[in-house]
Amino acid sequence: MSKKHSEKKEKNNKPLKTRVHPTRVIAYLVQLGIIIFLFDFLRNHFMMLAFSIVVAAPVLDIIALVFIYRGISVKLTAPERDVSRFNMGYLKLILSNKSFMVSYDVCARLSAENTFYNDENSTIISLPAAARTDYEQQIPVNYSMNGSYRFSIPEITVRDFLGFVSLKKKVDSVAEVNVYPDGYTVVGFDMTDMARGMTESEETVKKGHDFSDVSDVREYIPGDKLMSIHWKLSAKRDILMVKDRVSMSDQQMIILTELSGSDEEVDEILSLTYTIIVKFVREQTYVRLTWWSEANFAFEERQIMNLDNLREAFADIYYEKIYPDPEKTKAYMRSIRPELKAYVNVCMRNGEADAMIVEQD
């Protein structure tokens, strides 16, 4: 979400709680006192009726509040689980009221957290609850940063019709969205120069990996490789199905992306990494995406042969932690992966995200 939007939300970052609203109670007592005075002065049937209604109203109001409190619930969903950065997405909030009572002020605390950058804020949304009705509201969200977003409504407060009391209720409704770079960022790197970062794929690909892209699924023909069988689809159709593959380049591009710097710097590094890999995938060049994992104290690697692989890799990156020292990854690469002659390092250089060739001795 945008920073401007986040700053507005921080003002409403107070937790909801059960509370009594004294101004409403005082106003009611004043009205009750006036009616008692008029009844004592006039002594007519109309004032007796008004007095009876005013006295009975709070009792009926609290009883109605108990019923609506038990019958109300909130569900939060994200229709689009994967969104591109800078695009507008939306959340769907459904307030369900199974009771015959109404409330004009149901407050839901919507929390939004980018778990990758540890950025969290919240806002209060006021909703009406009609009797035996589902109220649906779409909440627009502007995603300005990559990462894994977790939206939740941990609690709501239900206010009685007269506005005397607000009761807090836990609901714990959660929706998650992954935000990825758009892949179309204009970059100024030299593709021919980056070819120096390629190595022959047969030399370094682990045993058992098939680096070709799936183009179709068809029935099994005698002579097809067992590793090409699509087991899940075969089980559903009760007949052997195999994956038709298109061979990719016999070379691989090793890309090391830095997860170091400020949140904004890391975000630009990830966007540039995504754009570079998209270009190579479209040219059917095999890519191995690598990053340093602080939690595992090791390099994580993912084979990227299509855009689905790329998004899956980025979803894994979003569970990592940002580290302060960008130089240590190069030192670790020299000591842990000395067999690599060269690789592409995506990092910050001169205040901008850049891709550079690192040649190892």
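The only option from Asn309, Thr290, Asp316 that meets the side-chain hydrogen bond (donor to acceptor under 3.5 Å, both in side chains) definition with Arg302 turns out to be Asp316.
Checked by atom type, the side-chain pair Ser271/Asn146 shows a donor-acceptor distance below 3.5 Å. Under 3.5 Å, the side chains of Ser111 and Arg109 contain a donor-acceptor pair of N or O atoms. Defined by atom type and a distance below 3.5 Å, a donor-acceptor pair is missing between the side-chain atoms of Thr133 and Asn97. Gln303 and Tyr286 form a side-chain donor-acceptor contact under 3.5 Å, judged by distance and modelled atom types alone. Looking at Glu300 and Ser293, their side chains never bring a donor and an acceptor atom within 3.5 Å of each other.
Under the 6.0 Å cut-off for aromatic ring centres, Phe299 and Trp291 do not qualify, their centroids lying 6.0 Å or more apart.
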Stepwise, does the side-chain contact (heavy atoms from CB on, under 4.5 Å) test hold for Tyr28 with Leu162? CA-CA 9 Å; Tyr28 166 76; Leu162 296 178; 5.7 Å; no

Please evaluate residues Glu258 and Met348 with respect to the criterion side-chain contact (heavy atoms from CB on, under 4.5 Å), reporting the C-alpha separation (whole Å), side-chain torsions for both, the decisive distance (0.1 Å), and the verdict. CA-CA 8 Å; Glu258 298 281 3; Met348 292 300 295; over 6 Å; no

Walk me through it: do Val174 and Leu76 pass the test side-chain contact (heavy atoms from CB on, under 4.5 Å)? CA-CA 6 Å; Val174 177; Leu76 184 68; over 6 Å; no

Taking it one step at a time, do Thr157 and Thr18 satisfy side-chain contact (heavy atoms from CB on, under 4.5 Å)? CA-CA 7 Å; Thr157 59; Thr18 298; over 6 Å; no

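Taken to the nearest 0.5 Å, the CG atom of Asp82 stands 9.5 Å off from the CG atom of Asp308. In this structure, CD1 in Ile68 is found 14.5 Å from CD1 in Ile63, a value given to the nearest 0.5 Å. Atom NZ of Lys330 and atom CH2 of Trp292 lie 14.0 Å apart (nearest 0.5 Å). Atom CG in Leu60 sits 12.5 Å away from atom CG in Leu65 (nearest 0.5 Å). In this structure, the separation between CG on Leu256 and CG on Leu289 is 8.5 Å, given to the nearest 0.5 Å. Separation of atoms CD (Gln284) and CE (Met305) is listed at 12.0 Å; rounding is to 0.5 Å.
No more than 12 heavy-atom neighbours from other residues, nucleotides or ligands sit within 6.0 angstrom of NZ on Lys98. The neighbour count for Glu352 CD, taken as heavy atoms of other residues, nucleotides or ligands under 6.0 Å away, does not exceed 12. Atom CZ of Phe161 is surrounded by 12 or fewer heavy atoms from other residues, nucleotides or ligands within 6.0 Å.
Counting only distance, with no hydrogens or angles, the side chain of Arg288 and the backbone of Ile255 share no donor-acceptor pair below 3.5 Å. Between the Ser103 side chain and the Arg159 main chain, a donor and an acceptor come within less than 3.5 Å of each other. Side-chain N or O atoms of Thr285 include none that pairs as donor or acceptor with a backbone N or O of Val281 at under 3.5 Å. Proximity of a side-chain donor or acceptor of Asp61 to a complementary backbone N or O of Asp160 within less than 3.5 Å is not detected.
Side-chain contact between Arg70 and Ser99: absent, with no pair of heavy atoms (C-beta onward) separated by less than 4.5 Å. Looking at heavy atoms from C-beta onward, Phe297 lies in side-chain contact with Tyr332 at the 4.5 angstrom threshold. Side-chain contact between Val165 and His21 is absent, with no heavy atoms from C-beta onward closer than 4.5 Å. Glu265 is not listed as a side-chain neighbour of Asp263, based on a closest heavy-atom distance of 4.5 Å or more. Considering only heavy atoms from C-beta on, Leu310 comes within 4.5 Å of Tyr274 through its side chain. Taking 4.5 Å as the limit, some side-chain heavy atom of Leu110 sits within range of a side-chain heavy atom of Ile139. Residues Met241 and Glu219 have side chains in contact (heavy-atom distance under 4.5 Å, counting atoms from C-beta outward). Using a 4.5 Å cut-off on side-chain heavy atoms (C-beta onward), Val83 and Glu80 make contact.
For residues 68-102, no residue pair satisfies the ring pair (Phe, Tyr, Trp, His ring centres under 6.0 Å) rule, not counting sequence neighbours.
The minimum heavy-atom distance linking Gly163 with Arg24 is given by the pair O-CG, 3.3 Å. When every heavy atom of Ile153 is checked against every heavy atom of Ala108, the shortest pair comes out as CG2-CB, 4.0 Å. Scanning both residues, Ala342 and Ile357, for their nearest heavy atoms gives CB-CG2, 4.4 Å. Closest approach of Ile322 to Gly261, counting heavy atoms only: CG2-O, 3.5 Å. Considering every non-hydrogen atom in both Ala315 and Asn178, the closest pair reads CB-ND2, 3.9 Å. Looking at every heavy atom in both residues, Val177 comes nearest to Ala78 through CG2-CB, 3.5 Å.
A salt bridge does not link Glu113 to Arg150: none of the charged side-chain nitrogens sits closer than 4.0 Å to a carboxylate oxygen. In this structure, Glu294 pairs ionically with Lys328, as a charged nitrogen and a carboxylate oxygen lie closer than 4.0 Å.
Residues passing the salt bridge (charged side-chain N to carboxylate O under 4.0 Å, His left out) test with Lys169: none are found, sequence neighbours excluded. For Asp267, the salt bridge (charged side-chain N to carboxylate O under 4.0 Å, His left out) test picks out Arg85, with sequence neighbours left out. Take Tyr318 and apply the side chain to side chain donor-acceptor pair (under 3.5 Å) test, not counting sequence neighbours, and it matches no residue. Residues that satisfy the salt bridge (charged side-chain N to carboxylate O under 4.0 Å, His left out) test with Arg132, not counting sequence neighbours, are absent from this structure. Residues meeting the side chain to side chain donor-acceptor pair (under 3.5 Å) test with Tyr104, sequence neighbours left out: none.
By the criterion of side-chain heavy atoms lying less than 4.5 angstrom apart, applied directly or through intervening Ile, Leu, Val, Met, Phe, Trp or Tyr residues, Met356 is not grouped with Ile276; the two fall into different hydrophobic clusters. With hydrophobic clusters built from ILVMFWY side chains whose heavy atoms lie under 4.5 angstrom apart, Leu32 shares a cluster with Val59. Cluster membership check: Val266 shares its hydrophobic cluster with Tyr323, using side-chain heavy-atom separations under 4.5 Å among Ile, Leu, Val, Met, Phe, Trp and Tyr. No single ILVMFWY cluster, assembled from side-chain heavy atoms under 4.5 Å apart, contains both Tyr149 and Tyr319. Val30 and Ile53 sit in two unconnected hydrophobic clusters of ILVMFWY residues. Membership requires side-chain heavy atoms under 4.5 Å apart, directly or through other members.
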